[in-house]
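Source: prediction; values computed, not measured. Lettering follows sequence order; numbering is per chain, from 1.
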There are 2 protein chains.
Amino acid sequence: MDNIDTIDRRILSALQQDADQSLEDLGAKVGLSRNACWRRVRILQESGVIRKRVALLDPQKLGLGLSVFIQVRTSNHDPDWLDKFARAVKLMPEILGAYRMTGDLDYLIHARVSDVKDYDALYQRLIAKVDLSDVSASFVMEELKETTELSL
Amino acid sequence: MDNIDTIDRRILSALQQDADQSLEDLGAKVGLSRNACWRRVRILQESGVIRKRVALLDPQKLGLGLSVFIQVRTSNHDPDWLDKFARAVKLMPEILGAYRMTGDLDYLIHARVSDVKDYDALYQRLIAKVDLSDVSASFVMEELKETTELSL
DNA sequence: AGTGAAACACTCTAGAT
DNA sequence: ATCTAGAGTGTTTCACT
């Protein structure tokens with residue numbers, strides 16, 4: 001159930017790049033029959049190694065051309081502050097990632113907005129929901145790499 | 001070709017969450033027949049709004065439990081330094097994202113590794129390839145949110 | 001231009017060998 | 001692992017509005 005061999009890795013690698021291909025093509029790619037391949041994919045799904053399949057959209061074409069990383073500090077250590085913060089970021093669709101980092105009271109947020117004005121609106125909404133002692137934004141000038149493919 | 005209406009948004013939203021559902025289900029969800037829906041999806045794909053469909057894997061189950069953000073500074077401003085750096089990060093599969101940030105000579109890298117020892121190996125490989133004057137890592141202690149779904 | 005209904009062709013899925 | 005068969009899906013065609 002946890003044993004992932006070379007063929008499984010090849011399958012996963014192919015599906016990370018393109019989840020649309022038929023089992024026929026996938027099987028050919030990894031040197032397996034359509035059916036043997038299907039069974040392995042099924043196991044990988046049921047064991048949760050494959051979490052789900054999704055469509056990846058183009059941010060530019062949706063008017064979300066500005067990617068921003070927001071560094072957040074708080075002085076507040078209420079037991080439920082974090083809970084409130086977590087709930088807030090989950091409800092804001094522009095926020096793609098939010099992480100509690102090493103270094104005690106540091107949080108990092110990754111968001112996508114249309115422009116600087118739109119970022120400011122996001123910022124205002126965020127500080128209205130939870131109190132943050134220090135917030136600093138860094139904007140992405142150039143995307144050298146961005147992928148959902150994990151190393152296998 | 002660039003006009004995305006409400007129904008398209010509903011389609012995109014559904015496919016961002018789950019690209020596996022049939023056109024039948026998808027159509028029902030947005031109030032369209034199977035193939036009215038199919039034609040819209042086709043257009044969204046051809047116009048590039050839908051970039052691709054991929055499988056998302058579970059990092060834990062693949063032994064990539066440690067997420068890390070690496071902040072990089074360089075003193076080098078050779079015209080081709082950036083090119084070399086970009087090539088290097090693209091070739092390293094543990095690196096999921098690499099960004100040139102505002103603030104002149106600041107780069108941010110997002111990577112996934114198995115543990116701190118594995119991070120060190122990544123670090124060594126990176127500085128062997130390109131010269132970096134300052135590198136500092138922050139590790140993710142807790143993932144509050146992480147999604148590929150864009151705001152629609 | 002954009003829709004729904006039906007026909008077709010193909011792929012998935014599952015059981016048996 | 002291969003074969004087979006049935007169910008379900010994507011895709012095309014056509015008629016309609």
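- Under the 3.5 Å distance criterion, with hydrogens and angles disregarded, a donor-acceptor pair is assigned to the side chains of Gln45(B) and Arg53(B).
- The existence of a salt bridge linking Glu94(B) and Arg112(B) is excluded, since no basic side-chain nitrogen approaches an acidic carboxylate oxygen closer than 4.0 Å.
- Contact between the side-chain N/O atoms of Ser33(A) and the OP1/OP2 oxygens of dT2(D) is found at a separation under 4.0 Å.
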Working note: Phe69(A) + Phe139(A), criterion ring-ring contact (aromatic ring centres under 6.0 Å, His included); need CA distance, chi angles, decisive distance, verdict. CA-CA 6 Å; Phe69(A) 285 89; Phe139(A) 297 98; over 10 Å; no

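- Using modelled atom types, one finds a donor on one side chain and an acceptor on the other under 3.5 Å when comparing Lys29(B) with Gln21(B).
- Salt bridge Asp5(B)/Arg10(B): absent, no basic N to carboxylate O contact under 4.0 Å.
- Place Glu24(A) and Leu32(B) on DNA chain C by their nearest nucleotides, and Leu32(B) ends up nearer the 5' end.
- One can place CG of Asn3(B) at 14 Å from P of dA1(C), the figure rounded to the nearest angstrom.
- As a whole-Å value, the separation of Asp20(A) CG from dT11(D) P is 9 Å.
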Where do N or O atoms of nucleotides 12-17 of chain D meet protein N or O atoms at under 3.5 Å, pair by pair?
| from | atom 1 | to | atom 2 | distance (Å) |
| --- | --- | --- | --- | --- |
| dT12(D) | O4 | Asn35(B) | ND2 | 2.8 |

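- Atom C1' of nucleotide dC12(C) and atom CG of Asp25(A) are separated by 14 Å, given to the nearest angstrom.
- Computed from coordinates, the Arg40(B) CZ to dT3(C) C1' distance equals 10 Å when rounded to whole Å.
- If you check distances only, the side chain of Arg34(B) never reaches the base of dG4(C) with a donor-acceptor pair under 3.5 Å.
- If you take CG of Leu26(A) and P of dC10(C), they are 20 Å apart, rounded to a whole angstrom.
- What separates CG of Leu23(A) from P of dA1(D) is a distance of 14 Å, to the nearest Å.
- Side chain of Ser47(B) to backbone of Ile43(B): a donor-acceptor contact under 3.5 angstrom is found.
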